[in-house]
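Quantities reported herein were computed from a predicted structural model and do not represent experimental measurements. When a ligand or atom number is given, it counts from 1 through the structure's own listing order. Nothing fancy with the numbering, it's 1 onward along the sequence.
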Amino acid sequence: MKVAVRSDIGRVRTNNEDAFLADSDRGLFIVADGMGGIIGGEVASGLAVKAVSEYLLDHLGANAGTEDISTALMVALVEANRQIRERTDRQTELQGMGTTIILALVQGDTASLAHVGDSRAYLVRGDAIRQLTEDHSVVAQIVKAGTITGDEARSHKLKHVLSQALGSSPSLTPGLRTIRLRRGDSIMLCTDGVTDMVEDVELASIVRTCAENVERACEEIVARANENGGRDNITVVILHRD
Ligand code: CA
């Protein structure tokens with residue numbers, strides 16, 4: 001599998017509150033988008049990536065089945081949520097911090113995904129791009145209810161209001177999903193600094209034309225997000241199954 005990752009501050013923000021992990025040896029890939037206060041966002045996203053990675057290292061054996069993996073991913077997110085909330089209780093200046101997270105654990109041809117918030121996973125297969133995660137956002141719920149369309153959602157004034165984030169509430173309902181990868185498939189994990197700035201069709205076209213060079217695909221996506229305004233931090237991980 002080919003793997004590449006890029007994280008960029010963008011053109012407007014003064015710090016990068018996105019965090020990521022790309023550990024090819026363990027097949028573990030994580031993207032998190034922190035929020036809250038002056039330093040809270042960075043603390044929350046960094047803490048989430050570390051907590052999830054450590055939990056899975058301690059609790060997930062090499063021969064775990066799909067069901068064990070889904071359970072472990074769920075508990076890892078609960079543990080990350082607990083650690084962020086505990087830190088906020090100890091350090092009041094961090095109050096209100098939280099983070100999204102999307103993670104993929106890839107073993108052989110199976111990718112197990114888990115997420116909280118509006119950081120996304122996409123599958124690029126052939127000519128098609130498919131969003132694998134459902135945003136935990138107020139606007140995504142309104143779209144689902146049929147009140148507005150996906151296009152209207154892109155410019156909706158509430159589009160950044162999350163219905164769930166790590167650190168925001170004692171309870172969590174993470175999105176979980178397992179997919180079987182075919183040869184030539186690419187999976188992309190990214191923050192909203194990518195998806196707000198670059199349309200899905202354009203993302204698909206970049207990933208497809210650079211399938212053999214995932215480093216270049218990541219660079220092009222960051223460049224395009226910046227050309228289109230770079231209004232937020234930009235983080236993208238691409239996994240390509242040869
Ligand atoms: Ca963001």
Side-chain angles (χ1 to χ4, degrees), residues 5-22 29-52 77 80-81 84 88 94-104 113-122 131-143 150 153-169 172 174-175 187-200 202-203 206 218-238:
V5 55
R6 286 287 182 284
S7 188
D8 189 88
I9 194 167
R11 293 171 60 189
V12 174
R13 299 293 179 91
T14 52
N15 57 343
N16 191 345
E17 298 185 327
D18 290 353
F20 66 87
L21 173 84
F29 307 93
I30 310 177
V31 168
D33 178 351
M35 65 206 83
I38 297 164
I39 56 162
E42 275 177 81
V43 173
S45 60
L47 200 55
V49 168
K50 187 164 173 282
V52 167
L77 292 175
N81 190 49
I84 292 169
T88 309
L94 295 176
Q95 232 152 43
M97 74 172 176
T99 186
T100 72
I101 193 163
I102 168 71
L103 66 105
L113 307 172
H115 84 287
V116 178
D118 65 355
S119 293
R120 294 178 180 171
Y122 285 88
Q131 190 179 326
L132 298 171
T133 48
E134 196 171 275
D135 293 348
H136 297 138
S137 70
V138 170
V139 164
Q141 282 177 342
I142 305 174
V143 172
R154 283 183 78 82
S155 55
H156 200 285
K157 64 179 192 295
L158 296 178
K159 76 174 174 180
H160 292 295
V161 181
L162 300 179
S163 52
Q164 285 197 71
L166 290 183
S168 303
S169 143
L172 275 185
I187 284 191
M188 184 174 74
L189 312 180
C190 60
T191 56
D192 62 350
V194 172
T195 48
D196 283 349
M197 294 287 114
V198 190
E199 301 271 355
D200 289 4
E202 204 175 352
L203 291 171
I206 295 170
C218 285
E219 278 161 18
E220 291 227 354
I221 287 168
V222 168
R224 200 65 56 89
N226 276 323
E227 276 162 29
N228 292 348
R231 286 197 292 274
D232 198 354
N233 305 140
I234 303 157
T235 301
V236 57
V237 173
I238 298 178

message: Could you check whether any side-chain N or O of D33 sits under 3.5 Å from a backbone N or O of T100, counting only pairs where one atom can act as donor and the other as acceptor?
response: no

- line: By side chain to side chain contact (heavy atoms under 4.5 Å, CB included), Q131 pairs with (sequence neighbours left out) R120, Y122, T133, D135

field: Atom of D33 nearest the Ca ion (ligand 1) (restricted to N/O/S, atom name only)
entry: OD2

message: Restricting to N, O or S atoms, which atom of D192 is closest to the Ca ion (ligand 1)?
response: OD1

- prompt: In this structure, which one of D118, D18, D232 forms a side chain to side chain donor-acceptor pair (under 3.5 Å) with T191?
  reply: D18

query: Relative to the Ca ion (ligand 1), which of the N, O or S atoms in D232 is the closest?
result: OD2

- prompt: Do any N or O atoms from the side chain of S163 and from the backbone of H136 form a donor-acceptor pair under 3.5 angstrom?
  reply: yes

